[in-house]
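FYI, the numbering just counts along the sequence from 1.
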Amino acid sequence: MKVVKFGGSSLASGNQIEKVFQIVMSDPARKVVVVSAPGKRFAEDQKVTDLLIECAERCLSNLDSQEIVAAVIKRYATIAEELQLPSEIVSEIQADLEARLNGDRCKPERFIDSVKASGEDNHAKLVAAYFQEQGVEATYVNPGEGGLLVSAEPGNAQVLPESYERLYSLRDRSGLLIFPGFFGYSKEGEVFTFSRSGSDITGSILANGLKADLYENFTDVDAVYSVNPYIVKRPKEIKELTYREMRELSYAGFTVLHDEALVPAFRAGIPVQIKNTNNPLAPGTRIVNERDNTNGPVIGIASDQGFCSIYVSKYLMNREIGFGRKLLSILEEFGLSYEHTPSGIDDISIILRENQFEAELEEEITKRIIAELHADEVKFEHSLALIMVVGEGMRHNVGTMAKASKALAGASVNIEMINQGSSEVSMMFGVKEVDEKRAVQALYDEFIASVTV
Ligand SMILES: Nc1ncnc2c1ncn2[C@@H]1O[C@H](COP(=O)(O)OP(=O)(O)O)[C@@H](O)[C@H]1O
Ligand SMILES: N[C@@H](CC(=O)OP(=O)(O)O)C(=O)O
């Protein structure tokens with residue numbers, strides 16, 4: 001039995017949904033279909049989820065949202081028309097969205113989640129209606145009724161462990177099950193969404209809960225490429241990679257799969273297959289527990305922008321008990337989360353996402369670190385990109401770091417920081433954002449383009 005998830009791009013139009021129908025029907029093992037909200041049909045298009053967020057935020061600010069509501073409804077109406085579905089389905093979607101927009105606004109973040117979740121919820125109903133029109137037994141499943149319980153964290157929900165057992169009973173239902181991605185219900189019965197792109201997480205949870213043989217994730221590319229195709233033209237496709245490799249890569253910028261979408265499948269030992277809705281015969285990429293190391297030390301190179309570092313130095317920092325804890329607790333008090341902490345004898349850098357900062361906060365943090373930790377120097381550095389070089393083979397190869405540094409030097413890229421992950425499957429380089437593309441290309445040429453598999 002297979003759980004199959006289709007992303008927003010795969011469900012963006014009537015024509016795309018027809019392809020989805022053909023794919024699902026071509027394999028009787030495909031039992032559960034997880035759907036996203038309609039995504040972009042072309043580069044400048046807007047995702048329905050983005051429209052819904054804008055709509056909810058306008059409502060909260062008491063601004064007129066009629067135009068955006070109309071744009072959302074138009075997306076569904078166009079799809080329904082293309083699929084020749086009766087117009088009642090669109091009226092139901094409109095009534096549902098209006099009810100949500102007229103709902104309780106006392107807790108703004110929960111209000112936003114309820115509106116946001118309507119994108120997948122209503123699309124699952126529409127997709128189920130289309131399958132039924134084709135004479136197929138297909139039922140929409142509400143995540144609350146189906147057993148997907150999540151923590152009450154708006155926009156960042158986590159699955160509750162008891163969900164898995166509850167979801168198992170979905171196996172007994174007959175026909176296809178059309179399940180909306182991206183959200184679940186708290187124990188109190190309220191809607192909470194995962195973080196953005198979280199329909200991938202729903203698919204993985206369902207694969208685990210239903211003990212599926214395979215979790216297929218259909219998107220708009222033939223495979224996971226060894227590097228972001230927007231940075232390097234026609235990069236090599238990855239045939240197979242491990243959960244650990246993919247988790248590191250998706251965390252570091254391979255947006256093709258949400259970085260939290262691997263753990264549920266991994267825990268149940270279920271392979272994940274990335275496939276293309278627009279080219280379903282392409283084999284895609286398989287994510288498994290172990291693979292043969294046939295590709296050299298590096299399998300993929302991911303990068304992401306928008307980081308900053310706080311560099312703190314103090315002579316004899318290494319001998320001061322509790323220095324790191326005190327430093328991190330200052331950040332905790334400001335509600336900041338950090339990504340990495342490379343350190344030396346007398347210094348430490350803390351890498352954070354830049355979007356958490358405003359200029360005044362920077363000043364306050366600097367003052368507190370100097371006053372409370374008596375640091376010799378505190379320095380903020382902005383506009384950094386992190387590049388993650390990933391591969392299980394790195395554990396068995398000497399000299400990977402030296403080769404990477406040489407490649408970066410050859411491209412005149414200055415390395416701002418280096419961090420070798422304890423897992424030994426990744427190596428991270430911090431560079432200036434302006435150098436990101438050049439650095440990725442140089443590393444790709446060194447480790448991937450030159451290797452023949
Ligand atoms: N290394 C990579 N391999 C493949 N796709 C990548 C990679 N890095 C980033 N992407 C992007 O991920 C996109 C697919 O993810 P996403 O847009 O979330 O699709 P969906 O709508 O199916 O959820 C691709 O179109 C591509 O632009
Ligand atoms: N629609 C949600 C959830 C999701 O997973 O979407 P997509 O499959 O289009 O990445 C979002 O945009 O965040």
Side-chain angles (χ1 to χ4, degrees), residues 43 220-238 241 245-257 259 285 295-311 338-342 344 347 349-355 357 379-394 397-421 423-453:
D220 62 351
V221 279
D222 275 355
V224 176
Y225 299 110
S226 45
V227 69
N228 188 330
Y230 289 106
I231 297 189
V232 173
K233 277 195 194 119
R234 287 185 294 282
K236 280 191 186 169
E237 292 181 5
I238 302 176
L241 74 174
E245 289 171 330
M246 189 62 198
R247 172 146 165 69
E248 299 260 356
L249 289 165
S250 51
Y251 159 80
F254 278 20
T255 49
V256 60
L257 192 72
D259 66 309
T285 299
N295 65 300
V298 176
I299 193 134
I301 300 162
S303 63
D304 202 5
Q305 302 199 341
F307 294 92
C308 67
S309 80
I310 312 175
Y311 171 81
Y338 69 94
E339 306 293 317
H340 308 275
T341 54
D347 49 21
S349 290
I350 304 177
I351 318 295
L352 307 101
R353 294 239 175 228
E354 205 153 34
N355 59 9
F357 277 97
K379 204 171 60 186
F380 274 75
E381 195 158 349
H382 291 280
S383 307
L384 293 177
L386 296 188
I387 301 172
M388 198 77 90
V389 178
V390 176
E392 297 273 358
M394 273 170 17
N397 274 269
V398 264
T400 313
M401 178 65 85
K403 276 190 197 162
S405 310
K406 193 164 162 249
L408 292 174
S412 308
V413 173
N414 188 37
I415 304 171
E416 304 290 323
M417 102 210 44
I418 294 181
N419 197 15
Q420 171 119 40
S423 64
E424 286 187 70
V425 302
S426 72
M427 214 186 279
M428 187 203 82
F429 296 93
V431 302
K432 292 250 186 283
E433 281 177 357
V434 288
D435 291 336
E436 180 196 1
K437 287 193 175 152
R438 220 158 6 102
V440 171
Q441 181 73 57
L443 292 167
Y444 178 80
D445 293 343
E446 174 66 40
F447 290 112
I448 294 170
S450 55
V451 176
T452 41
V453 183

**Q** Tell me every residue that passes side-chain hydrogen bond (donor to acceptor under 3.5 Å, both in side chains) with Asp220, counting only those two or more places apart in sequence or in another chain.
**A**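 With neighbours one apart ignored, the set is empty.
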**Q** I want to check something: taking the side chain as every heavy atom from C-beta on, are Ile351 and Pro342 in contact at a cut-off of under 4.5 Å?
**A** yes
**Q** Provide the closest heavy-atom pair for Ala439 versus Ile387 in the form atom of the first, atom of the second, distance.
**A**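 Taking every non-hydrogen atom into account, CB-CD1, 3.4 Å.
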**Q** So which heavy atom on Ile231 is nearest to which on Ser303, and how close?
**A**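 Minimum heavy-atom contact is CD1-OG, 3.5 Å.
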**Q** Tell me the closest heavy-atom pair linking Pro229 and Pro235, and the distance in Å.
**A** CA-CG, 4.0 Å
**Q** Do any side-chain atoms of residues 398-410 form donor-acceptor pairs under 3.5 angstrom with protein atoms, and if so which ones, sequence neighbours left out?
**A**
unit_1	atom_1	unit_2	atom_2	d
Ser405	OG	Met401	O	2.9

**Q** Taking all non-hydrogen atoms of both residues, which atom of Ser226 and which atom of Phe254 are closest, and how far apart?
**A** O-CZ, 3.5 Å
**Q** Among residues at least two apart in sequence or on other chains, which ones pass side-chain contact (heavy atoms from CB on, under 4.5 Å) with Val221?
**A**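 Expected list: Thr219, Tyr225, Val256.
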**Q** Under the rule for side-chain contact (heavy atoms from CB on, under 4.5 Å), what residues qualify as partners of Ser250, not counting sequence neighbours?
**A** Met246, Asp259
**Q** Please tell me if the side chains of Phe307 and Arg353 come closer than 4.5 Å, counting only heavy atoms from C-beta onward.
**A**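 Side chain of Phe307 against side chain of Arg353, heavy atoms only: contact under 4.5 Å found.
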**Q** Which residue pairs pass the salt bridge (charged side-chain N to carboxylate O under 4.0 Å, His left out) test when at least one of the two sits in residues 425-437, sequence neighbours left out?
**A**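 Applying salt bridge (charged side-chain N to carboxylate O under 4.0 Å, His left out) to every pair that reaches into residues 425-437, excluding sequence neighbours, yields Glu381-Lys432, Glu416-Lys432, Asp435-Arg438.
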**Q** Who are the side-chain hydrogen bond (donor to acceptor under 3.5 Å, both in side chains) partners of Asp347, not counting sequence neighbours?
**A**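 Scan of Asp347 (side-chain hydrogen bond (donor to acceptor under 3.5 Å, both in side chains), adjacent residues dropped) gives Tyr311.
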